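For reference, the structure discussed in these notes is given below.
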Number of protein chains: 2
Amino acid sequence: MLTISQLASYAGVTVRAVRHYHSRGLLPEPERDRSGYRRYDAAAVVELIKIRTLADAGVPLSRVHELVAADAEEFAEAVRDVDRRLRAEIRARQRSRERIAQLAAGDSLALPPEAVAYLDRMRELGFRQELIDIERDSWILIAAQIPDQVSAFMAIKHAQIEHETLRRLYLDLGDLVDCTPDDPRLPSLADRVTAFIEAAEAQSAGMEEGEPISKELIALLDAAFVDSFPCAPRLLRLLEERGWTGWTDIKRADHAGMGRSS
Amino acid sequence: MLTISQLASYAGVTVRAVRHYHSRGLLPEPERDRSGYRRYDAAAVVELIKIRTLADAGVPLSRVHELVAADAEEFAEAVRDVDRRLRAEIRARQRSRERIAQLAAGDSLALPPEAVAYLDRMRELGFRQELIDIERDSWILIAAQIPDQVSAFMAIKHAQIEHETLRRLYLDLGDLVDCTPDDPRLPSLADRVTAFIEAAEAQSAGMEEGEPISKELIALLDAAFVDSFPCAPRLLRLLEERGWTGWTDIKRADHAGMGRSS
DNA sequence: GTGGAGCCCTGACCCTGCGTCAAGGTCAAG
DNA sequence: CTTGACCTTGACGCAGGGTCAGGGCTCCAC
């Protein structure tokens with residue numbers, strides 16, 4: 001007859017694990033000798049090895065319980081289940097490997113490669129790092145919300161940034177990161193922004209935009225803009241004076257709230 | 001500004017997880033609004049995604065804590081570590097898949113295919129199911145202790161079972177599963193066993209056996225034999241009378257315990 | 001202005017699969 | 001008889017959260 005530690009060592013598990021299986025009802029409690037010690041026979045070793053084999057394959061102990069008592073049909077089905085789970089776990093780990101590789105490679109992660117390329121291009125063109133960081137955060141939010149549309153928007157941004165006039169506007173806007181609400185450059189910047197928007201509007205008149213962005217995301221991005229630029233509220237007011245509202249998605253102001261709609 | 005649930009959904013985690021990371025000091029507690037709600041900025045999303053990516057890769061939260069504050073060098077080293085672990089886990093799961101595939105294919109858990117084949121052959125040759133079950137359990141024990149040597153032993157067993165005389169001896173031994181200790185067939189069976197052992201001994205005189213099996217395993221297998229056959233003790237006594245001791249590994253008795261050794 | 005839905009807060013217990021004391025009883029050897 | 005290696009039960013601890021419980025906000029509709 002075997003003691004608990006002999007049993008455990010034959011099956012390659014710890015004594016604690018054996019007692020745990022007893023308490024779970026997985027392995028039946030054996031006879032006790034006169035001093036209360038558990039005494040096992042060889043069949044218990046076999047049982048224990050079966051339990052460990054399933055547990056090692058990642059089957060939860062509660063299922064092991066059912067399986068050791070299951071018929072062949074049921075058992076085969078369960079095995080297929082376990083195999084599916086193992087495959088899923090392998091895939092998950094492969095994805096994890098890719099993700100942490102990205103994470104080690106650079107500032108990316110949570111950002112698709114096009115966006116990373118765009119941020120790199122901004123750096124090359126001399127944009128301030130603070131602005132790039134803000135831009136990156138915005139794109140993270142966008143990627144989290146509408147991952148499928150990121151590359152379409154990214155293409156537009158890439159084109160914009162390579163456009164001479166627009167790039168200069170962006171660069172000057174970038175300087176706003178540390179300006180105060182009463183900065184003298186603001187009115188002329190507001191003029192340049194409205195000029196561009198109006199030009200773009202004229203060009204794309206009648207053109208259908210892609211899928212519209214949700215109000216929530218626009219609000220979120222606007223809020224992020226306001227948080228990052230101390231003078232953002234002032235700029236937005238200046239734009240409203242010129243007939244435009246919003247930032248992420250600038251639209252003609254309706255003079256709504258004045259009692260009539262146009 | 002983001003509420004906790006917005007933050008959580010952007011990063012693809014639960015609200016509870018975010019609070020958990022706060023309590024672990026992984027993610028800094030953000031400002032609260034006037035009603036005590038946490039308010040996050042977009043940078044928190046970046047942080048949170050980074051944390052999740054590491055945690056998903058199986059990095060314990062305590063290490064994630066170190067890593068998010070680590071420099072590039074240290075981080076890269078840690079990432080290599082994590083990647084090694086992930087590869088190892090993938091391999092482990094692939095091995096598990098193979099094991100459970102075997103497990104589904106054969107009628108039993110924790111047995112290598114050669115053993116399953118052997119048991120199938122026993123069934124074909126007309127051995128009783130009870131005997132096959134006992135044999136299976138023995139092989140589970142052997143496979144657990146000395147997995148590398150199973151196929152060598154299996155080859156021997158396969159040869160034995162195809163040997164006419166020996167097979168008939170085995171078949172008759174199989175009938176012992178339900179015999180009583182005073183069964184009249186026992187003495188002649190003991191004679192046949194000793195005859196075979198002596199013949200085998202003569203043949204293999206001077207031949208070196210493979211690796212010896214450990215005393216513990218032999219004792220365990222003997223115990224399993226005794227547990228399974230009510231008449232096993234009687235048979236062992238009969239063998240001792242004929243100068244042999246043990247069962248799994250039958251050896252010439254030394255008359256030890258009689259005050260002298262030969 | 002008031003009710004209810006749907007957020008938010010903290011604190012506390014629950015889960016798995018054991019590891020790790022703690023506090024004692026037992027057994028075999030010297 | 002002592003020592004050290006076992007055995008017993010019971011309880012707490014770990015990660016990584018889930019899931020109440022018992023409260024407070026806020027916002028929108030009526």
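A note on names: the letters A, B, ... follow the listed sequences, proteins ahead of strands, and every chain is numbered from 1. None of these values were measured; they are calculated from a predicted model.
D56(B) places its CG atom 12 Å from the C1' atom of dG16(D), with the value rounded to the nearest Å. The distance from atom CG of L48(B) to atom P of dG17(D) is 11 Å, rounded to the nearest whole Å. Here the C1' atom of nucleotide dT8(D) and the CG atom of L7(A) are 16 Å apart, to the nearest Å.
There is a side-chain donor-acceptor pair under 3.5 Å between D222(B) and T248(B).
Remark: the Y21(B) side chain and the dG16(D) base include no donor-acceptor N/O pair separated by less than 3.5 Å.
The side-chain heavy atoms of L221(B) and L141(B), taken from C-beta on, include a pair separated by under 4.5 Å. Using a 4.5 Å heavy-atom cutoff, the side chains of V45(B) and L48(B) are not in contact. Contact check for D56(B) versus R99(A): no side-chain heavy atoms found under the 4.5 Å cut-off. In this structure, the side chains of E77(B) and E74(B) stay at 4.5 Å or more apart for every pair of heavy atoms. Considering only heavy atoms from C-beta on, I90(B) stays 4.5 Å or farther from R93(B) through its side chain. Counting only heavy atoms from C-beta outward, the side chains of V226(B) and P233(B) approach each other to under 4.5 Å.
Among residues two or more places apart in sequence or in another chain, the side-chain hydrogen bond (donor to acceptor under 3.5 Å, both in side chains) test is passed with H20(B) by none.
Summary of helix geometry: the two end axes of the helix from dG1(C)-dC30(D) to dG30(C)-dC1(D), each defined by five base pairs via their C1' atoms, are inclined to each other by 20° (rounded to 10°).
At a non-hydrogen distance threshold of 4.0 Å, nothing from residues 84-94 of chain B comes into contact with DNA chain C. Near DNA chain C, meaning a heavy atom under 4.0 Å away, the residues from residues 22-36 of chain B are R32(B), G36(B).
The outermost nucleotides of DNA chain C lying under 4.0 Å from heavy atoms of chain A, listed 5' to 3', are dT16(C) to dC27(C).
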| request: Under the side-chain hydrogen bond (donor to acceptor under 3.5 Å, both in side chains) rule, what do E240(B) and W244(B) come out as? Steps first, then yes or no, please. | output: CA-CA 5 Å; E240(B) 293 214 22; W244(B) 294 92; over 6 Å; no
| message | L176(A) vs L186(A), test: side-chain contact (heavy atoms from CB on, under 4.5 Å). Steps then yes/no. | response | CA-CA 9 Å; L176(A) 295 184; L186(A) 284 172; 3.8 Å; yes
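The phosphate of dG17(D) (OP1 or OP2) has no side-chain N or O of R19(B) nearer than 4.0 angstrom. Under 4.0 angstrom from either OP1 or OP2 of dA15(D) there lies no side-chain N or O belonging to S62(B).
The residue among V15(A) and V59(B) whose nearest nucleotide of DNA chain D is located toward the 5' end is V15(A). Toward the 5' end of DNA chain C, the nearer of the two residues A17(A) and Y37(A), judged by each one's closest nucleotide, is A17(A).
Taking every heavy atom of both residues into account, L2(A) and D41(A) meet most closely at CD1-O, 4.1 Å. Looking at every heavy atom in both residues, P181(B) comes nearest to R234(B) through O-NH1, 2.8 Å.
Among pairs with a residue in residues 25-37 of chain B, those fulfilling salt bridge (charged side-chain N to carboxylate O under 4.0 Å, His left out) read E29(B)-R32(B), E29(B)-R38(B), D33(B)-R39(B), at least two apart in sequence or across chains.
Y21(B) does not carry K50(B) over the face of its six-membered ring by the limits of under 6.0 Å from the centre and within 45° of the normal.
As judged by a 4.0 angstrom heavy-atom cut-off over every strand, R63(B) is placed among residues making no nucleic acid contact.
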